There are 2 protein chains.
Amino acid sequence: MDEEFLSRILKAAGDTTRRRILTLLVQEGALRVTALAAHFDMSLNSVSKHIKVLEEAGLVTRRTLGREHFIAAELEPLKLTESWFGQLKSIWELRLSALEHALVSEGDRHD
Amino acid sequence: MDEEFLSRILKAAGDTTRRRILTLLVQEGALRVTALAAHFDMSLNSVSKHIKVLEEAGLVTRRTLGREHFIAAELEPLKLTESWFGQLKSIWELRLSALEHALVSEGDRHD
DNA sequence: CATTTATTCACCCTTATGGTTGAATACATA
DNA sequence: TATGTATTCAACCATAAGGGTGAATAAATG
């Protein structure tokens, strides 16, 4: 369930074009589909599809005003993902310190 | 090129099975291919392929002792990825505070 | 109302992905 | 040396991904 979400976010973020879209949105705020597409050497349709993928992952949201669709980055999924990697690092450090502790105890028995 | 690396890491991490493999390795230290495969309801071969993907992304390394291959998680790619998400958050906050500042200046002109 | 503009939808194509099975390789061991 | 064990390689299959084009839809605008 949450795993599903994470997978979708990471898959969405795993494409260079989509990461560039995200970065653009984060630094410039909401942008229209056409404005985004202008940055890429590919068809408007392809960019539109990339946006859809990001949207399905929750990484961006869409606000439609008339015929214009404004796309904005969302912060929450970024936090979720960052925290997954962070937790993994924590577990790592936990294991290492436990290991170290065990080695010290071993030394205490000086056998 | 760094983008290439990131893409490979994120794609590798975008699969639930592979994230579980990573987690197992992080919490239990180096494990053999068979030992890892025992945790999953899929063929040994499939797990072996997942490991290969993780390896190509630099997320794990392999130490071969005789016929046994010991797989271990690597910390660096995790840090790299976490920092990409972190940077994105920073840019976000930078833009927001700039925006806030602009609004305050607007108010100063009290027109 | 006709036209232009903004965007998506529906297909098509090629390549990648995630899974399978069976054979090959590399190493221990009886 | 024959056999079993650990692992990968190779081929296959179904489905997804990432790209393209052309048509459809929605909304401004002359």
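So that the names make sense, note that chain A is the first sequence line, chain B the second, and so on, each numbered from 1. We use all heavy atoms of the structure for the numbers below, so side chains are in, but hydrogens, waters and symmetry mates are not. Nothing here was measured: the structure is a model prediction, and the numbers come from that model.
For dT5(D), its base sits under 3.5 Å from the side chain of Arg67(B) at one donor and acceptor pair at least.
Summarising the geometry, the separation between CD on Glu56(B) and C1' on dA16(C) is reported as 13 Å, rounded to the nearest angstrom. Rounding to whole angstrom units, CZ of residue Arg32(A) and P of dA28(D) are separated by 12 Å. We find that CG of Leu65(A) is positioned 14 Å from C1' of dA26(D), with the value rounded to whole Å. As a whole-Å value, the separation of Arg63(A) CZ from dA6(C) P is 17 Å. If you measure from atom NE2 of His69(B) to atom P of dT25(C), you get 15 Å, rounded to the nearest angstrom.
Look at Lys79(A) and Glu82(A) and you find no salt bridge, because none of the NZ, NE, NH1 or NH2 atoms lies under 4.0 Å from a carboxylate O. Between Glu3(A) and Arg19(B), at least one side-chain N (NZ, or NE/NH1/NH2) sits under 4.0 Å from a carboxylate O, which counts as a salt bridge.
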How would nucleotides 17-24 of chain D be written as a contact map, 5' to 3', with B for base contact, S for sugar-phosphate-only contact and - for no contact, using protein heavy atoms under 4.0 Å?
-SBBBB--
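The only member of Thr17(B), Thr16(B), Asp15(B) that meets side-chain hydrogen bond (donor to acceptor under 3.5 Å, both in side chains) when paired with Ser7(A) is Thr16(B).
Side-chain contact between Trp84(A) and Thr81(B): absent, with no pair of heavy atoms (C-beta onward) separated by less than 4.5 Å.
Hydrophobic clustering, with ILVMFWY side chains joined whenever heavy atoms are under 4.5 angstrom apart, groups Leu31(B) together with Val60(B).
Arg63(A) contributes no side-chain N or O that, together with a main-chain N or O of Phe70(A), makes up a donor-acceptor pair within less than 3.5 Å.
For Glu68(B), whose side chain is taken as the heavy atoms from C-beta onward, the closest listed nucleotide among dA27(D), dC9(C), dA6(D) is dA6(D).
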